[in-house]
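Everything below concerns the one structure shown next.
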Amino acid sequence: YVHLFVGSTAYLHLGGREVALRQETDYPWGERVRIRVQPEFSDRFTLALRLPGWCLAPHLEVNGAPVALDGLVDRGYARLRRVWEPGDIVDLILPMPVERVRAHPRVTADAGRVALQRGPVVYCLEEPENGANLHALSLPEDAPFEAAYEPDLLGAVVTVRTEGERSMAGAWGGSLYSAERPAVEPVALKAIPYYAWANRGLGSMLVWIREG
């Protein structure tokens with residue numbers, strides 16, 4: 001069983017024989033997990049790979065040939081049973097589009113808001129990239145997303161960029177209330193992984209963004 005995706009080598013003993021699994025990946029940033037199967041000699045056994053629940057369309061290849069997942073998945077694992085040869089290569093591709101995540105309607109604090117997720121990573125807006133008063137930001141329903149790897153930011157992360165809007169408090173005047181919709185200006189938004197926030201001094205952070 002392969003539960004976690006991290007560059008590593010594991011030596012397993014199956015009935016007195018050794019099998020090495022060498023894993024190569026830059027997960028959770030990259031979509032491809034490559035496993036080099038190294039049994040001592042040709043041998044039949046099952047290799048089970050965890051399919052993360054967040055991935056809606058996983059893809060599997062053995063030695064470069066696609067493998068249909070139909071009939072192979074059991075309780076969240078793709079089970080490959082075959083005669084393995086030294087040097088066989090398994091590629092698990094986990095597509096990672098940026099997705100909008102919504103909370104249950106009974107979570108009143110998040111009504112009308114979305115969070116951003118790419119692969120297993122949840123994102124947030126932070127003040128260094130997006131300025132103060134993050135509550136004034138909103139995300140249009142049709143805003144596109146662009147993910148980019150930034151090796152010099154926060155220990156090397158993938159960030160998410162998109163186009164949003166900011167309510168303009170300066171155009172409100174001195175009134176506390178108004179029947180008019182607030183004026184907005186387009187702004188470029190940049191989200192960082194949630195786990196990496198609060199590493200660049202004091203500032204505000206926002207996970208749940210107004211939509212619309």
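We use all heavy atoms of the structure for the numbers below, so side chains are in, but hydrogens, waters and symmetry mates are not.
- Applying the side-chain hydrogen bond (donor to acceptor under 3.5 Å, both in side chains) test to every pair with at least one member in residues 131-146, sequence neighbours left out, gives no pairs at all.
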Practice prompt. May I have the step-by-step check of side chain to side chain contact (heavy atoms under 4.5 Å, CB included) for Phe45 and Val37, ending in yes or no?
Written response: CA-CA 11 Å; Phe45 56 88; Val37 184; 4.0 Å; yes

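- Within the 4.5 Å cutoff, the side chain of Leu92 has no heavy atoms near those of the Ile35 side chain.
- Looking at Asn63 and Val90, their side chains never come closer than 4.5 Å, going by heavy atoms from C-beta outward.
- Atom CH2 of Trp197 has 12 or fewer heavy atoms from other residues, nucleotides or ligands within 6.0 Å.
- Grouping Ile, Leu, Val, Met, Phe, Trp and Tyr residues whose side-chain heavy atoms lie under 4.5 Å apart, directly or via other members, places Leu176 in a hydrophobic cluster with Tyr177.
- The two atoms that bring Ser167 and Val184 nearest to each other are CA-CG1, 4.1 Å, heavy atoms only.
- At a threshold of 4.5 Å between non-hydrogen side-chain atoms, the residues Leu154 and Thr159 do not count as touching.
- For the atom pair CZ (Arg79) and CG (Asp74), the distance works out to 4.5 Å, reported to the nearest 0.5 Å.
- Annotation: side chain of Lys190 is in contact with side chain of Leu153 (closest heavy-atom distance under 4.5 Å).
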Worksheet item: Taking it one step at a time, do Leu139 and Val114 satisfy side chain to side chain contact (heavy atoms under 4.5 Å, CB included)?
Response: CA-CA 9 Å; Leu139 186 64; Val114 295; 4.1 Å; yes

Item to complete: Report the C-alpha distance between Asp88 and Arg82 in whole Å, list the side-chain angles of each, state the deciding distance to 0.1 Å, and finish with yes or no for side chain to side chain contact (heavy atoms under 4.5 Å, CB included).
Response: CA-CA 11 Å; Asp88 280 345; Arg82 52 173 277 148; 3.3 Å; yes

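- Proximity of a side-chain donor or acceptor of Thr108 to a complementary backbone N or O of Arg106 within less than 3.5 Å is not detected.
- The shortest heavy-atom contact between Gln117 and Gly119 is NE2-O, 2.9 Å.
- In terms of heavy atoms, Val207 sits closest to Val122 at CG1-CG1, 4.3 Å.
- Clustering ILVMFWY residues whenever any of their side-chain heavy atoms sit less than 4.5 angstrom apart, transitively, puts Leu69 in the very cluster that holds Phe5.
- The minimum heavy-atom distance between Pro86 and Pro39, with the atom names listed, is CG-O, 3.5 Å.
- One finds no salt bridge joining Arg113 and Glu211 here, because no Lys/Arg side-chain nitrogen approaches an Asp/Glu carboxylate oxygen to under 4.0 Å.
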Discussion item. With side chain to side chain contact (heavy atoms under 4.5 Å, CB included) as the criterion, how do Glu61 and Ile93 come out once you've worked through the C-alpha distance, each side chain's angles and the decisive distance to 0.1 Å?
Written reply: CA-CA 8 Å; Glu61 297 177 359; Ile93 297 93; 4.2 Å; yes

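- Applying the side-chain hydrogen bond (donor to acceptor under 3.5 Å, both in side chains) definition to pairs two or more places apart or across chains, those involving residues 198-207 are Glu126-Arg200, Glu127-Ser204, Glu129-Arg200.
- Under a 4.0 Å N-O distance rule, the pair Arg161/Glu150 qualifies as a salt bridge.
- Under the 4.5 Å side-chain contact rule for hydrophobic residues, Leu94 and Ile89 do not share a cluster.
- Taking CG of Leu51 as the reference point, atom CG of Leu56 lies at 12.0 Å (rounded to 0.5 Å).
- Side-chain contact between Glu180 and Pro182: absent, with no pair of heavy atoms (C-beta onward) separated by less than 4.5 Å.
- Both Val157 and Leu189 belong to a single network of hydrophobic side chains, linked directly or stepwise wherever heavy atoms of I, L, V, M, F, W or Y lie under 4.5 Å apart.
- A 4.5 Å side-chain heavy-atom check between Val101 and Tyr123 finds every atom pair outside the cut-off.
- Val158 and Trp54 are not part of a single hydrophobic cluster, where members link through side-chain heavy atoms under 4.5 Å apart.
- Considering every non-hydrogen atom in both Pro144 and Thr162, the closest pair reads O-OG1, 2.6 Å.
- Among residues at least two apart or in separate chains, side-chain hydrogen bond (donor to acceptor under 3.5 Å, both in side chains) pairs with a member in residues 20-31 are Glu24-Arg36.
- Residues Tyr194 and Val121 have side chains not in contact (no heavy-atom distance under 4.5 Å, counting atoms from C-beta outward).
- Residue Trp208 holds its CH2 atom at 13.0 Å from SG of Cys124, rounded to the nearest 0.5 Å.
- One hydrophobic cluster, built from ILVMFWY side chains closer than 4.5 Å, cannot hold both Leu206 and Val107; they sit in different ones.
- The CD1 atom of Ile209 sits 11.5 Å away from atom CG of Asp110, with the distance rounded to the nearest 0.5 Å.
- Counting only heavy atoms from C-beta outward, the side chains of Val187 and Leu137 approach each other to under 4.5 Å.
- Minimum interatomic distance between Arg118 and Ala147 (heavy atoms only, all atoms of both residues): NE-CB, 3.7 Å.
- Among residues two or more places apart in sequence or in another chain, the ring pair (Phe, Tyr, Trp, His ring centres under 6.0 Å) test is passed with Tyr77 by Tyr1, His3.
- The distance from atom CD of Glu18 to atom NE2 of His13, rounded to the nearest 0.5 Å, is 4.5 Å.
- When the side-chain contact (heavy atoms from CB on, under 4.5 Å) test is applied to Val83, the partners found at least two apart in sequence or on another chain are Ser42, Arg44, Glu85.
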